[in-house]
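Notes for the one structure printed next.
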Amino acid sequence: MTISRARRESPAPGAILASVARRTGRKLLAFDRRLGARFVAGADEAGRGPLAGPLVVAGVLLDLEAVRDHRARPLGLLNDSKQLDPGTREELYHAVVACAERVSVHVFPPAVIDRDGLHRSNLRGLRAALWACQPADVSLVDGFKLGAAAPPHRAVVDGDEKSAAIAAASVVAKVTRDRYMRTADALYPAYGFFSHVGYITPGHSAAVRLHGPCEIHRRSFRARCYGNEADDELLVAAEA
């Protein structure tokens, strides 16, 4: 009887997981609050690795005095966008847009990546994203030092798992890019962009071999599916 009652009163596994997930947002906000600043800007990108589609860089400015109590609750599930399912990312996208003081998005199409190089485009986008979120008391970026051309900033290793501002930018960039790729799927239905959003998969590689690359493939990436070899591995991203 006691064991059975204890089982009935124990929370379901899904409820435990949801409770743990809600702590991630609080943890990330706590990291930003420990900086001792009110306005914290974060920048991150989505789409460095795919063979097709744009690079999307986002910046988010949070007013930590405003994002408290009930206004912080919509950000409870905030985390690195790669660790979130698509439905949660969409919910958080709307929460971030509602809570943020400012949001900026910068899109680099494949032709620009091919012309200027992936890394250079990414750095330019991160600088632009942080400048668009000024004035900020503290500016954070995921991983990269951006040089003197950027506003004063701190590079945070794995920042999208530590900082609320960076994680919020990660979500905005990822959702924006995924929406773009789902639209591209309607324009180029032969490649399966809806499922893999431009990343290398066996099916994507097979489609490129069969049909050739389309307008949104990055031609500067040396991928074996562009040639005649059977391996699906992406070899090298050519960077100017």
Side-chain angles (χ1 to χ4, degrees), residues 32 39-63 78 80-82 84 86 89-90 92-156 158-160 163-184 187 193 197-199 215-221 237-240:
D32 288 4
F39 292 97
V40 177
D44 199 8
E45 85 286 324
R48 283 177 58 83
L51 183 62
L55 172 73
V56 178
V57 186
V60 171
L61 178 66
L62 296 179
D63 176 357
L78 190 61
D80 170 17
S81 64
K82 297 184 292 295
L84 302 169
R89 282 198 297 265
E90 282 284 345
L92 281 167
Y93 175 91
H94 293 289
V96 169
V97 170
C99 291
E101 286 294 301
R102 195 167 301 141
V103 174
S104 68
V105 177
H106 307 262
V107 179
F108 294 82
V112 172
I113 295 170
D114 290 342
R115 183 193 69 201
D116 298 339
L118 176 64
H119 186 60
R120 188 174 298 172
S121 298
N122 190 41
L123 293 182
R124 187 164 75 244
L126 291 168
R127 292 185 193 111
L130 287 185
W131 277 120
C133 290
Q134 301 305 304
D137 299 321
V138 176
S139 295
L140 306 174
V141 63
D142 185 24
F144 296 97
K145 278 287 189 182
L146 304 178
H153 63 282
R154 303 182 192 183
V156 182
D158 295 327
D160 47 8
S163 161
I166 296 177
S170 170
V171 167
V172 170
K174 175 64 173 167
V175 170
T176 300
R177 188 179 187 280
D178 284 359
R179 289 176 178 178
Y180 176 102
M181 294 307 295
R182 292 189 188 106
T183 300
L187 297 173
F193 291 139
V197 295
Y199 285 87
E215 289 179 279
I216 66 168
H217 279 95
R218 302 174 184 180
R219 307 302 178 92
S220 57
F221 278 34
E239 297 178 12

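- Contacts of D160 classified as salt bridge (charged side-chain N to carboxylate O under 4.0 Å, His left out), with partners at least two apart in sequence or in another chain: K82.
- Residues G147 and H153 approach most closely at O-CE1, 3.8 Å, considering heavy atoms.
- Atom CD in E90 sits 10.0 Å away from atom CG in L92 (nearest 0.5 Å).
- Considering CG of D116 and OG of S121, their distance stands at 5.0 Å, rounded to 0.5 Å.
- Across Y93 and V172, no two heavy atoms sit closer than the pair CD1-CA, 3.9 Å.
- Put simply, the side chain of R89 gets close to the backbone of S81: a donor and an acceptor are under 3.5 Å apart.
- At distances below 3.5 Å, at least one donor-acceptor pair connects side-chain atoms of D142 with backbone N or O atoms of G159.
- For R218 (side chain) and D114 (main-chain N/O), no donor-acceptor pair under 3.5 Å exists by modelled atom type.
- The shortest heavy-atom contact between P54 and P109 is CB-CA, 4.2 Å.
- Between the CG atom in L118 and the CZ atom in R48 there is a gap of 5.0 Å [rounded to 0.5 Å].
- A donor-acceptor pair is defined here as one N or O able to donate and one able to accept, closer than 3.5 Å; such a pair exists between the side chain of R177 and the backbone of V197.
- In this structure, the separation between CZ on R179 and OG1 on T183 is 9.5 Å, given to the nearest 0.5 Å.
- Contact of the F144 side chain with the L126 side chain is registered, since non-hydrogen atoms from C-beta on lie closer than 4.5 Å.
- Between H217 and F193, the gap from one ring centroid to the other is short of 6.0 Å.
- Results of the side chain to side chain contact (heavy atoms under 4.5 Å, CB included) test with V156 over D44, V141, L140 single out L140 as the only residue that passes.
- Pairing each heavy atom of S139 with each of P152, the nearest pair is CB-O, 3.5 Å.
- For D137 (side chain) and F39 (main-chain N/O), a donor-acceptor pair under 3.5 Å exists by modelled atom type.
- Atom NZ of K174 is separated from atom CG of D80 by 10.5 Å, given to the nearest 0.5 angstrom.
- If you take NZ on K145 and CZ on R154, they are separated by 9.5 Å, rounding to the nearest 0.5 Å.
- Not a single salt bridge (charged side-chain N to carboxylate O under 4.0 Å, His left out) links E215 to another residue, sequence neighbours left out.
- The heavy-atom pair separating G53 from P110 by the smallest distance is O-CG, 3.6 Å.
- In terms of heavy-atom proximity, L78 sits nearest to A164 at CD2-O, 3.4 Å.
- Of the possible donor and acceptor atoms, one in the side chain of Q134 sits under 3.5 Å from a partner among the backbone N and O of L130.
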Stepwise side-chain contact (heavy atoms from CB on, under 4.5 Å) test for M181 and I216: CA-CA 10 Å; M181 294 307 295; I216 66 168; 4.0 Å; yes

